[in-house]
Number of protein chains: 4
Amino acid sequence: MFNINIMSDKPIYEQIIDSIKELSLKHILKPDDKLPSVRQMASMLSVNPNTVSKAYQELERQKIIYTVRGRGTFMSAYSERPIDYERLEKALEGLRNICVELVHLGYDKNKIYEEIDKIQLGIEGGIK
Amino acid sequence: MFNINIMSDKPIYEQIIDSIKELSLKHILKPDDKLPSVRQMASMLSVNPNTVSKAYQELERQKIIYTVRGRGTFMSAYSERPIDYERLEKALEGLRNICVELVHLGYDKNKIYEEIDKIQLGIEGGIK
Amino acid sequence: MFNINIMSDKPIYEQIIDSIKELSLKHILKPDDKLPSVRQMASMLSVNPNTVSKAYQELERQKIIYTVRGRGTFMSAYSERPIDYERLEKALEGLRNICVELVHLGYDKNKIYEEIDKIQLGIEGGIK
Amino acid sequence: MFNINIMSDKPIYEQIIDSIKELSLKHILKPDDKLPSVRQMASMLSVNPNTVSKAYQELERQKIIYTVRGRGTFMSAYSERPIDYERLEKALEGLRNICVELVHLGYDKNKIYEEIDKIQLGIEGGIK
DNA sequence: GTGGTCTAGACCACT
DNA sequence: GTGGTCTAGACCACG
């Protein structure tokens, strides 16, 4: 479910964020589902609670989740989540760099398309 | 030519690396073309020579460029650049993450394809 | 433990790399052992932290060590270290040159063998 | 005969030195054989005459060759060549490092011995 | 002229 | 605390 790789170059808190986003996209985490508490999550993943906390804070900032004092943390409704143009810009920049890298590694446009097809983004049911 | 953004979260030396890779893909930098010297590039970009040097060394490690002592730094032949499966693996992983992110931000598969088309990778003349 | 000779023609960062490789071969540094932090090592050896950092980064690139962000740097498992055929090629070329040199300096094959025996590579317990 | 690799990390002048030493070891260059002039050698190898000159100067310093004004440069008699302990020390240090590297790359002592056997140092007819 | 190495000291993100 | 990045400025070997 959560594939955290402590040796990755990607910060652990970002890995947690991305994992939760991915579970959401795959409808494994649905609106108003309860997330594990910071401490539970931390021991599940064998990471420092601070790290989980940082991930949750960032997810809350992005309106992906919300917290209810004394009750816990929950997934937001899809409609709650605004388009974050800054993040979009960064993501497109990242896409651009990855494609340059892939072409350098011998890929052409069609092979890139094939890879994207493989990803199975669950777009059909998609987020609106 | 070189758009270096000192405020970006991406390290400057990586920006230089990516810029050179991109110029190569667009056939603006061709095999055996001479790159600006470390010092020239540094003053062009208003960065420290060490930073440029780090970028050049990494590019050389990746066989994108080669250096001739006392003469300068040059673009490698395309055929010199072997496929690095480890880098490929990481790039595909990155592609996957970016796509998940983009769908999260409201993109669907077709819009992603459109973005990739925009990049204009100079794939037509193709590598190799 | 670490014999760094600042007057040597060999770069300090390479001396550090070689020292760590040697300590590994002698099983003084074992998998998952923690290395001194960049700063500790730097003050131990009376060199600049950047120099140690460069050595550690190269060792990481070679999969001899791995770093865990915020925690430190550790020896890799032997099995993590893939055979790098390019480095092997270079090393064999180097061996060839050294032997030619040694013969030139009056050594014969048996004396070279003796020298290699002296090195005590800890091959008995062997890698892998 | 002379394999000069302009892209190698080894300085060109050292490559020339090693080539001449190797030709000597293989008795292709015998005592009192005439070497090409600096200019001839430079154009043969497509390198800067200064570079050849530097190689010849170093070889002369090591008593491997001698120059006769107006006549040219010649190989010394084997007996002329003193054992240079400083160089010997460096060579042994180099041997040690190469062996450590090779063991790191999966070699054991016997495989190293095999490699040395392959080199065919022409030791039988040997020097001295 | 070129790139490679090193120092001194700084700031940053991550844990 | 950790490693990663960057600047400023220096010295060196090579061609």
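Note: hydrogens, waters and symmetry copies are ignored here, and every other heavy atom, side chains too, is used. So that the names make sense, note that chain A is the first sequence line, chain B the second, and so on, each numbered from 1.
At a threshold of 4.5 Å between non-hydrogen side-chain atoms, the residues B:Lys34 and B:Met75 do not count as touching. Using a 4.5 Å heavy-atom cutoff, the side chains of A:Phe2 and A:Leu23 are in contact.
Below 30°, between 30° and 60°, or above 60°: for B:His27 and B:Tyr78 the angle between ring planes is above 60°, a perpendicular geometry.
Residue D:Lys10 qualifies as enclosed at atom NZ: its count of foreign heavy atoms under 6.0 Å is above 12.
Pair assignment for E:dC14 gives F:dG1, based on Watson-Crick or G-U wobble hydrogen-bonding distances that are each under 3.5 Å.
Between D:Asn3 and D:Ser19, the closest heavy-atom pair is N-OG, 4.3 Å.
C:Ser37 and C:Arg71 form no side-chain donor-acceptor contact under 3.5 Å, judged by distance and modelled atom types alone.
Straight-line distance from the CD atom of B:Gln15 to the P atom of F:dT5: 13 Å, rounded to whole Å. Atom C1' of nucleotide E:dG4 and atom NZ of C:Lys10 are separated by 16 Å, given to the nearest angstrom. For C:Ile4 and E:dT5, the CD1 to P distance is 15 Å, given to the nearest whole Å. Rounding to whole angstrom units, CZ of residue B:Arg61 and P of E:dG4 are separated by 14 Å. Here E:dG3 presents its C1' atom at 15 Å from CD1 of B:Ile16, a figure rounded to the nearest Å. B:Phe74 has its CZ atom 12 Å from the C1' atom of E:dG3, to the nearest Å. Whole-Å rounding puts the B:Arg71 CZ to E:dG3 C1' distance at 14 Å. Protein atom CD1 of B:Ile6 is 13 Å distant from nucleotide atom C1' of E:dC11, rounded to whole Å.
OP1 or OP2 of E:dG3 has at least one side-chain nitrogen or oxygen of B:Thr73 nearer than 4.0 Å. For the OP1/OP2 pair of F:dG3 and a distance below 4.0 Å, the side-chain nitrogens and oxygens of C:Gln57 include no atom meeting the criterion. Side-chain N/O atoms of B:Arg69 include one lying less than 4.0 angstrom from OP1 or OP2 on F:dG15. Between B:Tyr13 and F:dT5 there is a side-chain polar atom (N or O) within less than 4.0 angstrom of OP1 or OP2.
For F:dG1, its base never sits under 3.5 Å from the side chain of C:Arg39 at any donor and acceptor pair.
Each of C:Gln40 and D:Ile12 has a nearest nucleotide on DNA chain F; the 5'-most of these lies closest to C:Gln40. Each of B:Lys34 and C:Lys54 has a nearest nucleotide on DNA chain E; the 5'-most of these lies closest to B:Lys34.
A heavy atom lying under 4.0 Å from DNA chain E marks the following residues of residues 46-53 of chain A, by number: A:Thr51.
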Evaluate the side-chain contact (heavy atoms from CB on, under 4.5 Å) criterion for residues D:Ile65 and D:Tyr56: first the C-alpha distance (whole Å), next the side-chain angles of each, then the deciding distance (0.1 Å), finally the verdict.
CA-CA 8 Å; D:Ile65 65 177; D:Tyr56 278 21; 4.1 Å; yes

